[in-house]
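Letters go in sequence order (proteins before strands), and every chain restarts at 1.
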Amino acid sequence: MHPVILNKICKSYHLDTVNVPALQDITLEIRPNRFTVISGPSGSGKTTLLNLIGCIDRPDSGEIIVADQRVQTLSDDALSDFRSHHLGFIFQNFNLLPVLSAYENVEYPLVLTKMPAIQRKERVLALLDAVGLSDRAKNRPGQLSGGQRQRVAIARALASAPQLVLADEPTANLDSQTGAAIIQLMRKMQREHQVSFVFSSHDPQVQAEADDTIFIRDGRITSIERKARSEEHA
Amino acid sequence: MMRTLSLALRNLLRNSRRSLTTLLAMIIGICAILLFGGYSRNVILAMQTGYVQLNGHYQIQRKDYFLYGSGNPAAYGISDYQHIIDLVKRDPVLAPMLTVVTPKLQLSGIAGNFAAGVSKTVIASGIMVEEQNQMRTWDDYGSMNFRRPLALTGTSADAVIIGTGVARMLQLCGTLKVPNCSQPSVKPPAEGPQAPDDITALSALEQSHSQSSSASTIEMLAANTKGAPNVASLNVVKAENQGLKEFDDIFLMMHLPQAQRLIFGGSQPQVTAIQIQLQHTDQMPAAKARLDSLLASSLKDASLELQDFQTLSPIYGQTIQFFNSVFGFIATLIGVIVLFTVGNTMSMAVVERTVEIGTLRAMGQRRSGIRRLFVSEGMLLGVIGAFAGILIALLIAHLINNSGFTWTPPGYVYAYPLKVRVWGDNVLIFCSAIGLTVVAIISAWWPANRASKMMIVDALRHV
């Protein structure tokens with residue numbers, strides 16, 4: 001089952017009196033348990049596409065199915081609950097809550113899903129351990145480096161065991177060495193947690209690591225490259 | 001909920017200077033409300049103490065005396081007053097509530113100082129001195145720092161005290177050693193028609209007596225029960241300032257038997273009022289119910305009515321209304337200031353945390369969760385501001401109450417200790433705290449609602 005199916009999606013923005021098309025007639029399937037990168041020049045519609053997949057924006061027309069759920073039909077509250085259970089987000093600027101510790105940041109999505117406290121604690125500690133930040137659990141984001149913050153963000157995105165993690169330029173604010181480490185971490189987590197990652201990125205390192213690359217220009221998909229996995233060859 | 005409050009508190013501490021400034025505005029606001037409320041409460045209680053000491057909580061009067069009878073005590077007198085007093089004192093319901101039940105006769109007349117050739121219209125009251133002294137010890141709210149017995153205490157039957165205005169006009173300031181009371185150096189010549197023969201004869205009779213008495217002797221002329229003039233020679237023991245000039249210029253107080261002799265002569269003595277003082281003002285409704293019952297049953301043929309001290313002293317109610325209106329104005333003003341201060345703080349917080357709002361919403365936080373978070377911050381500001389404000393107001397009130405400052409209520413001549421009664425006024429404290437918190441919540445609501453309605457993608461794009 002594909003975690004995301006887009007069928008003839010159109011989205012445009014209204015700037016004053018001008019109607020600016022952002023996405024036109026997008027039909028796409030994201031394969032499960034893959035590292036998928038949406039690539040394209042600035043203004044091509046990468047972030048808009050990611051926002052629609054992430055259910056934080058709504059299309060003008062077309063159909064979106066995420067985790068077997070036709071998301072356009074959901075109310076705002078139902079969509080919020082859906083995101084908290086099925087989707088994880090990693091942002092370019094990490095977007096951690098500055099008043100919460102690393103532990104509390106990772107714990108926050110689990111609070112939204114109303115997971116019992118004992119299970120929550122086990123899950124958070126396991127995730128922090130997995131991203132190598134067990135010893136930084138009590139540190140607030142201001143006390144962490146950029147790479148460490150993005151590790152916390154990755155742990156947070158995976159906290160509620162989502163089917164899909166969306167990452168908007170996750171390495172853009174990191175130096176190349178840290179960026180590479182973060183990509184490797186995400187790859188590792190993606191494999192361990194059997195979850196689909198969808199990125200928007202210019203970063204060649206990210207594209208090199210991708211299973212599937214979707215090229216987009218002027219709001220249209222120009223091509224899709226799908227790599228066969230080594231285990232699939234086997 | 002605890003998590004939301006914890007997060008709200010951390011967000012407030014995040015910009016501690018701004019939160020502190022907002023709290024300061026709220027603390028000053030609630031301090032102003034509480035201190036003014038405590039001050040006005042003290043004024044009202046001090047006035048109440050004064051009126052209850054003077055008039056008692058209730059007075060039993062002949063029907064319509066209050067409106068029409070003050071000029072004609074003979075027509076509106078209560079003849080069997082001792083029976084009524086005994087009935088009230090022995091009543092099993094009323095007895096535990098009573099401190100004093102005492103008769104009083106009010107009359108008007110002309111006081112004259114024949115030695116100086118001057119006279120003055122006066123309103124006199126005849127009282128039972130010991131019972132009035134007991135009434136003046138009533139201090140249910142701790143408003144008094146001294147208790148002064150009446151100057152009539154232990155004096156002869158013909159002794160009187162007068163207002164300093166009366167002393168001035170009767171040219172007795174020197175004799176009575178009244179401070180700050182000047183006398184005219186030149187007496188204007190007396191003009192006008194000759195007094196009637198009977199008045200002249202009475203005056204001559206009293207003048208012959210007065211020549212042998214002290215220089216502070218005056219004569220008082222009043223109409224008796226048959227409308228005929230009656231004159232008494234009275235010994236002024238003291239002139240006392242009565243506060244209000246209009247009252248001070250007509251005040252005269254004497255022993256009740258003397259006043260009764262002047263009005264009723266050898267007839268059965270009467271009084272114009274029976275003053276009833278209770279132990280506590282909050283006993284008034286119960287006492288009234290019982291007194292009304294007595295007036296309607298045992299005393300139904302006596303044509304009596306009950307007047308409370310608020311009716312007898314309308315300025316008391318007017319003062320309460322005045323303070324209430326000023327309090328309402330101040331509270332509204334402070335409420336508006338708090339409304340805009342908290343609203344501004346929360347609006348700035350929403351703008352600063354727009355990306356954070358977008359992130360929370362993307363993670364699955366519902367709109368109501370975002371609204372709850374910002375409203376909680378407003379509520380916390382309100383609660384902390386109210387709590388700190390109450391503590392500071394109590395501290396300031398304590399300092400004022402122990403400063404030794406005094407003040408003189410309107411119409412009074414002696415000073416009361418200046419007090420700000422915040423401690424113990426639970427209604428004032430509770431309502432102010434709740435009011436401030438509600439205002440803070442309301443002012444946080446609008447920015448919170450705006451935050452909750454943000455488009456997620458717009459919020460995440462915010463720079």
For A:P98 against B:R14, the heavy-atom pair lying closest together: CG-NH2, 3.3 Å
B:L13, part contacting chain A, at a heavy-atom distance under 4.5 Å: neither
Closest heavy-atom pair and its distance - A:P109, B:M363: CG-SD, 4.0 Å
Heavy-atom neighbours of A:Y13 OH exceed 12 at 6.0 Å: yes
Max heavy-atom pair count under 4.5 Å with chain B, selected residue of A:N93, A:V111, A:T113, A:T48: A:V111
Considering all heavy atoms, the nearest B:A362-A:F89 contact: O-CE1, 3.1 Å
Residues, nucleotides or ligands: over 12 heavy atoms within 6.0 Å of B:F387 CZ: no
Atom NE2 of B:H398: over 12 foreign heavy atoms under 6.0 Å: no
Approximate separation, where rounding is to 0.5 Å, of B:I456 CD1 and A:I56 CD1: 6.0 Å
A:K121, NZ: over 12 other non-hydrogen atoms inside 6.0 angstrom: no
A:R58 CZ: over 12 foreign heavy atoms closer than 6.0 Å: yes
B:L460/A:D168 under side-chain contact (heavy atoms from CB on, under 4.5 Å): CA gap, chis, key distance, verdict: CA-CA 11 Å; B:L460 287 171; A:D168 188 10; over 6 Å; no
Verdict with reasoning, B:R366 to A:D76, per salt bridge (charged side-chain N to carboxylate O under 4.0 Å, His left out): CA-CA 8 Å; B:R366 289 183 175 193; A:D76 194 83; over 6 Å; no
Interface moiety of A:R140 toward chain B, non-hydrogen atoms closer than 4.5 Å: side chain
Heavy-atom pair with the smallest gap, counting every atom of A:L97 and B:L360: CD1-CD2, 3.7 Å
Residue B:L399 excluded, over 12 heavy atoms near CG under 6.0 Å: yes
Nearest non-hydrogen partners of B:R10 and A:S101, listed with the distance: NH1-N, 4.5 Å
B:R3/A:E107 under salt bridge (charged side-chain N to carboxylate O under 4.0 Å, His left out): CA gap, chis, key distance, verdict: CA-CA 12 Å; B:R3 183 170 293 274; A:E107 187 189 29; 3.4 Å; yes
Which of B:E356, B:Q365, B:M455 touches chain A most, by non-hydrogen pairs under 4.5 Å: B:Q365
Minimal non-hydrogen separation, B:G364 against A:S84, with atom names: CA-CB, 3.9 Å
Trace of the side-chain contact (heavy atoms from CB on, under 4.5 Å) decision for B:V457 with A:T47: CA-CA 10 Å; B:V457 287; A:T47 302; over 6 Å; no
Atom group of A:L79 that falls short of 4.5 Å from chain B, counting heavy atoms: neither
Nearest-0.5 Å distance that lies between atom OH in A:Y108 and atom OG1 in B:T359: 11.0 Å
